[in-house]
Each structure stands twice: as structure tokens, then as C-alpha cells.
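Keep in mind that the numbers below use all heavy atoms, side chains included, and drop hydrogens, waters and symmetry copies. Along the sequence shown, the residues carry numbers beginning at 1.
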Amino acid sequence: MEQGGHTRRAILKTALGGAVGLALGGVARPVWSQTPTRTTPATERLSDDLFVIRLPGEANVLAQTGPDGVLLVDGGSAQAADALMKAIAGLPSGGGRIHTLFNTHWHPEQTGLNERLGTAGATIIAHENTRLWLTTDVTWPWNGRRFQRLPTVAQPNKTFYKTGELSSGVQYGYVPDAAHTDGDLYVQFPKQNVLAVGDILSGAGWPAVDWTTGGWIGGMVGGTQRLLALATAETKIVAGRGAVLSLADLQKQAEMYATIYGRLSQLLNKGRSPTEAVEAKPAKEFEAQMGDSDEFVRRSFESLWAYLSPDA
């Protein structure tokens, strides 16, 4: 991982540490930090062999079935592991052994099956930055939430830096813009024209900008624009949360993040604080579709300090 990334994170932690947590006491948590609710999974079929599995309160899981077993993009949380495994076993095209798991990033909502599948000998694929985050303890300064490193068997055992391809034709690549985190990846299924993008996009509320592990609002802009080059009008885009999205949805989110980024940059250049940025309501016209924007705006503004401050 680049030393510059650690420097930016250190600056942010020093500048925003304890005061940030106090300032956010009354702010609603984003969807990715809510406690999962374990209920009966819902399954949406995208093609003969591709399925989106959803548990309320959980991140989307994309499953591909085949003669050799199952490939997963993300594995839900550890709390939902049993329910998810049951849903995979009941897929219309048959379950079978899970041979491959992609971690789109390091968050526990995506890596809950890592230990179980790693112990069983599955291939766990992630960007090298994601593996590094899973080998260390992480604490979010804004709420004090602490995440312990995963045991060795649960850490990704196949990492990459730029792109890769499986023998089945499934392609994957790094999103270097540092959007949601600095380890985001996408997984593309060319034959089915399906693109899984993790929490760079959301079909259910605002995604997170986890600046503690490298994400920033400028990266949300760059990441969504990068994804536009991978999609066509017929592409089905599986976001980290919510409904399957279209190219038109992706374009709207790319434009939205660009607008918010521009407004927050202006506020930063005027010397405004995170609280003043929230009060300026730079995302107000998008709230009807995305929900209350206060925490998203706060996290996004904080993320600018590492990238646009002269000494960052």
C-alpha cells in the first residue's frame, strides 16, 4: 500500500478524531453500518446462472452457479452466514461447493464468509489493499467502531493490482480512484452482460465514503466515470445495496457525485467546517431519491481534507 495513503489517513485521524464522533451523535447511520436483520432471503435471477441474493439489512451477494460449483461476489456479514449458505444451496440452478469468493472491499458486510470458505479451501480474490486492511485492526474515528483483523485463513489468498480473468471468462479489475475505499474492485460477467461493483454504487440510499481506509468523494466521481466505460445500455449493474441498476442509473449517480464534489470543494476553499458543509445542504435536490444526505455530506467533506489540503 502506498505510503502516501497512510500519510493522508494519519492527517485525517489527527484533524478529525474525537470531535467528529461527538458531532455525529444525532446523525442517522448509513445503510452499510446498520445491524443486519436476518430474515428469509430474496433471490433475483439475472440469467440462467447468475442470481442476486438479498437479506434485509445486508449487502447484496451475487452468485454464479455452474458444473464446478458456485462463485460469489461478496459474502454478506458473519451474522447472516447461515441464512446465506442456505439460500445458496437452494438456488434454482443448484448450489454445490463454493469455489471462489470475491471481496469487493474489506468491510465486514462483504467478508462474513471469508473464514468459513477459506477453511474449506475456496479461492478468495481481492485487491492487495483489501488484503492489507484485513490484516490490521481498523477504527472509525467518527463513531469509535473497531474492526479486528481477520485470521490468516480468512484473508484473501489471491490478490492482484490491476486486472485479472478467470478461466470461465469472468473478468475483474481494480478501481484505483479510491471511491468507497482504496481497495474497490469490480467483477464483470461478459457473456451475461452483468457488472458487480460493490459499494461504489448503491440502489438503496447513500453509499459510504470510508476515508479512514482511503475512500473520498473525488474517488466516487472518478470511480463512477470509470464504470461507465465498462457498461452498455443493456448491462445489469449489481450495486452493494438495493435494486439492480442500469446504465442510465449509473450515469445519474456519476453526475450527482460530480455536482456534490464541486460544491464541497468550493466550501472547503472558503474555509468551511464539516458542520457548515452539512448545513449548506449541497445534496438537497438528491434527497428525494437517495434519502437524508447529512452523514454522506459530512463523510465526503472530511475526505477532501486528505486530498485537497495543501499539506496533505
Side-chain angles (χ1 to χ4, degrees), residues 32 46-47 49-54 58-66 68-78 80-81 84-85 87-88 91 95-135 150 153-176 179-201 207 213 223 226-227 230-231 235-241 244:
W32 47 268
L46 302 183
S47 69
D49 63 347
L50 281 179
F51 305 85
V52 179
I53 302 173
R54 297 187 180 90
E58 289 282 334
N60 288 333
V61 174
L62 181 64
Q64 182 185 38
T65 60
D68 57 345
V70 180
L71 175 152
L72 297 179
V73 180
D74 285 331
S77 70
L84 178 57
M85 292 295 288
I88 293 168
L91 289 174
R97 180 181 70 91
I98 300 173
H99 55 77
T100 303
L101 169 66
F102 283 94
N103 292 156
T104 59
H105 56 287
W106 71 269
H107 288 159
E109 290 83 356
Q110 281 73 28
T111 56
L113 282 184
N114 277 34
E115 185 167 3
R116 182 181 299 198
L117 297 185
T119 301
T123 300
I124 303 175
I125 303 174
H127 187 267
E128 176 64 12
N129 285 354
T130 292
R131 186 193 69 81
L132 290 173
W133 286 121
L134 291 173
T135 66
L150 294 187
V153 72
Q155 295 165 13
N157 49 43
K158 180 179 180 180
T159 63
F160 71 102
Y161 288 94
K162 293 184 178 180
T163 60
E165 184 171 352
L166 303 181
S167 59
S168 62
V170 174
Q171 301 169 0
Y172 53 95
Y174 179 43
V175 182
H180 182 58
T181 70
D182 65 9
D184 301 325
L185 65 78
Y186 66 83
V187 184
Q188 191 168 27
F189 300 82
K191 296 178 182 178
Q192 301 87 346
N193 202 0
V194 171
L195 179 65
V197 300
D199 281 331
I200 300 173
L201 295 178
T213 57
R226 187 178 301 274
L227 294 176
L230 299 173
T235 302
K236 297 176 181 177
I237 304 171
V238 180
R241 302 276 175 170
V244 174

With heavy-atom distances below 4.5 Å as the criterion, would you say the side chains of Gln188 and Thr235 are in contact? no
Rounded distance [0.5 Å steps], NE2 in His107 versus NE2 in His180: 4.5 Å
Does the side chain of Val153 come within less than 4.5 Å of Glu115's, by heavy atoms? yes
Drop me the distance from Asp199's CG to His105's NE2, to the nearest 0.5 angstrom. 4.0 Å
Closest approach of Leu134 to Pro156 (non-hydrogen atoms, all atoms of both residues): CD1-CD, 3.6 Å
List the steps, then state whether side chain to side chain contact (heavy atoms under 4.5 Å, CB included) holds for Val73 with Val238. CA-CA 10 Å; Val73 180; Val238 180; over 6 Å; no
Can you sort out the partners of Ser47 under side chain to side chain donor-acceptor pair (under 3.5 Å), two or more places apart, ordered by chain and number? Asp49
Side chain of Gln192, backbone of Leu50: donor and acceptor closer than 3.5 Å? no
With distance as the sole test, does Asn103 use its side chain to make a donor-acceptor pair with the main-chain N or O of Gly75 at under 3.5 Å? no
Applying side chain to side chain donor-acceptor pair (under 3.5 Å), can you list everything that pairs with Thr100, at least two apart in sequence or on another chain? none
Distance-only polar pair, side chains of Ser77 and Glu58, donor-acceptor under 3.5 Å: yes
Sequence neighbours excluded, the answer for side-chain contact (heavy atoms from CB on, under 4.5 Å) partners of Asp68 is His99
Tell me, with the steps shown, if Thr135 and Gln155 meet side chain to side chain contact (heavy atoms under 4.5 Å, CB included). CA-CA 7 Å; Thr135 66; Gln155 295 165 13; 3.3 Å; yes
How close do Ala63 and Val70 get, heavy atom to heavy atom, and via which atoms? CB-CG1, 4.3 Å
Check Leu101 against Asn114 and note the closest heavy-atom contact, atom names and distance. CD2-OD1, 3.2 Å
Return the CZ to OG1 distance between Phe102 and Thr123, rounded to the nearest 0.5 Å. 9.5 Å
Please enumerate all residues that pass ring pair (Phe, Tyr, Trp, His ring centres under 6.0 Å) together with Phe189, with sequence neighbours excluded. none
Under a 3.5 Å threshold, yes or no: a donor from one side chain and an acceptor from the other, between Trp106 and Thr213? yes
Do side-chain atoms of Thr181 reach the backbone of Gly183 as a donor and acceptor pair under 3.5 angstrom? yes
Check against side chain to side chain contact (heavy atoms under 4.5 Å, CB included), Asp182 and Trp133: CA-CA 10 Å; Asp182 65 9; Trp133 286 121; 2.9 Å; yes
Partners meeting ring pair (Phe, Tyr, Trp, His ring centres under 6.0 Å) with Tyr174 (sequence neighbours left out): His127
Are Ile125 and Val187 close enough, and set up right, to give a side chain to side chain contact (heavy atoms under 4.5 Å, CB included), and what steps lead you there? CA-CA 11 Å; Ile125 303 174; Val187 184; over 6 Å; no
Could you tell me which non-hydrogen atom of Pro190 sits nearest to which non-hydrogen atom of Gly169, and how far apart they are? CD-O, 3.5 Å
Between atom CD1 of Ile200 and atom OH of Tyr186, what is the distance when rounded to the nearest 0.5 Å? 10.0 Å
Run the side chain to side chain donor-acceptor pair (under 3.5 Å) test against Thr111 and tell me which residues pass, sequence neighbours left out. none
Give the minimum heavy-atom separation between Glu109 and Ala59, together with the two atoms involved. O-CB, 3.8 Å
OG1 of Thr65 to CG of Leu91, rounded to nearest 0.5 Å, is 6.5 Å
CD (Gln110) and OG1 (Thr104) are apart, to the nearest 0.5 Å, by 4.5 Å
Criterion side-chain contact (heavy atoms from CB on, under 4.5 Å) against Leu62, the qualifying member of Leu71, Val194, Ile53: Val194
Heavy-atom nearest pair, Val170 first then Gln64, reads CG2-OE1, 3.8 Å
